[in-house]
Protein chains: 2
Amino acid sequence: MMVSTRGRYALRVMIDIAEHGENSSIPLKDIAIRQDISQKYLESIMTVLSKKELVQGIHGKGGGYSLTRKPSEYSIGEILRSTEGSLAPVACLECGASTCDRAVECKTLPMWGKLDYLISQYLDHIKLDDLVKNSLDEAFKNLDWLKLKS
Amino acid sequence: MMVSTRGRYALRVMIDIAEHGENSSIPLKDIAIRQDISQKYLESIMTVLSKKELVQGIHGKGGGYSLTRKPSEYSIGEILRSTEGSLAPVACLECGASTCDRAVECKTLPMWGKLDYLISQYLDHIKLDDLVKNSLDEAFKNLDWLKLKS
DNA sequence: ATCATTACCTATTAATTTGGTAGGTTGAAT
DNA sequence: ATTCAACCTACCAAATTAATAGGTAATGAT
């Protein structure tokens, strides 16, 4: 499994805010109830999203979280990467990974590289907006974006 | 990370056998030395590969492991799935996963489904032979196999 | 000023997965 | 009989995951 609950929850929160917080902050409590996720656990996820400025948190009464951009300006890849750390399919490709001695002659590395590229292209191509509007199919109307060459 | 050392090691072992065991069994000890992987750890991986009949183990002196098919008849997906259990990007899609209450209305599930399909198509399209011969690029000459529709 | 509300911060923890080790048993060739 | 090598069982340490618990700080309403 590549994406844990952290990433999946983060996505659901972002969708929830996009749907319910048009131009208002919505308290985490509401999101936790609607999504049926522990509020305490969500807090730790929101800390990350907030630090990376994907959402803005406002203290006190009437406060809560709101998006910092339009839903069409978030890619799913960005959201997942921010909470998961990396979307690389193997440790070898994780940024910061000490390059393996065998890397040069490795028969599998190119395959992992291409897979990583494929996954990234896919997830970066989809925008938060596409999920909110259930318009995933349209995002793939023409597949010009997918070039396996690199 | 989607593929752990188990899967990566399994792949390297399969490539090693394909390269060195044309029509002879090769002892795990040799593979462990060549690949610089703990023999004991490899044993637990070989057990799985052997049970699923991806390799054949021969006891006693002169014994060792050999492939049960031609390298062109193994897909990378099959090898990885056999040791990793599942290549699904999220738990929701793992076979045997209790279907989530929200599945019907879930805004993210279709996206995960397509990603799963994309990864599977990619890894099932590549054959062990392609890695042995470093001929990955040729495998993608024409991308007819990649249809994101489903 | 006080209170309710809400984000934010710091620990702690239980369960699971990962990546091994250790030692013994069985089967086969010489 | 000996040696080699697969196979089997059990255990273990570290890391990761998925939380929980209990507080502090900021903000708006009264």
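Below, read A as the first sequence line, B as the second, and so on, with proteins coming before strands; counting in each chain starts at 1.
Contacts between residues 4-30 of chain A and DNA chain C, counted as heavy-atom distances below 4.0 Å, involve A:Ile26, A:Pro27, A:Leu28. Using a 4.0 Å cut-off on heavy atoms, the residues of residues 40-50 of chain A that approach DNA chain D are A:Lys40, A:Tyr41, listed by number.
Between the side chain of B:Arg12 and the backbone N or O of B:Gln35, at least one donor-acceptor pair lies under 3.5 Å. Between the side chain of A:Tyr65 and the backbone N or O of A:Met14, no donor-acceptor pair lies under 3.5 Å. In this structure, A:Ser82 contributes its side chain and A:Ile79 its backbone to a donor-acceptor pair below 3.5 Å. Remark: the backbone N or O of A:Ala32 is not paired with any side-chain donor or acceptor of A:Gln39 at under 3.5 angstrom. No side-chain donor-acceptor contact under 3.5 Å links B:Lys29 to the backbone of B:Ile26. Distance alone, capped at 3.5 Å, places no donor-acceptor pair between the A:Ser24 side chain and the A:Gly21 backbone. Between the side chain of A:Thr47 and the backbone N or O of A:Glu43, at least one donor-acceptor pair lies under 3.5 Å. A donor-acceptor pair is defined here as one N or O able to donate and one able to accept, closer than 3.5 Å; no such pair exists between the side chain of B:Glu84 and the backbone of B:Val3. The main-chain N or O of B:Asp129 is never found under 3.5 Å from a side-chain atom of B:Ser72 such that the two would form a donor-acceptor pair.
Between B:Glu84 atom CD and C:dT18 atom P the separation is 7 Å, expressed in whole Å. Following rounding to the nearest Å, A:Gln39 (CD) and C:dC8 (C1') show an atom-to-atom distance of 12 Å. Atom CD1 of B:Ile33 and atom C1' of D:dA5 are 13 Å apart (whole Å). Distance, B:Ile37 CD1 to C:dT18 P: 17 Å, rounded to whole Å. When rounded to the nearest whole Å, the span between CD of B:Gln56 and P of D:dA5 equals 17 Å. Separating the CE atom of A:Met1 from the P atom of D:dA15 is a distance of 20 Å, rounded to the nearest angstrom.
Placement of B:Trp112 and A:Met1 in two distinct hydrophobic clusters is found when ILVMFWY residues are connected by side-chain heavy-atom separations under 4.5 Å, directly or transitively.
Aromatic ring orientation, B:Tyr9 versus B:Tyr41: perpendicular (interplanar angle above 60°, classes split at 30° and 60°).
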Pairs: protein N or O with nucleotides 26-30 of chain D N or O, under 3.5 Å:
unit_1 : atom_1 : unit_2  : atom_2 : d
D:dA26 : O4'    : A:His59 : ND1    : 3.3
D:dT27 : O2     : A:Lys61 : N      : 3.2

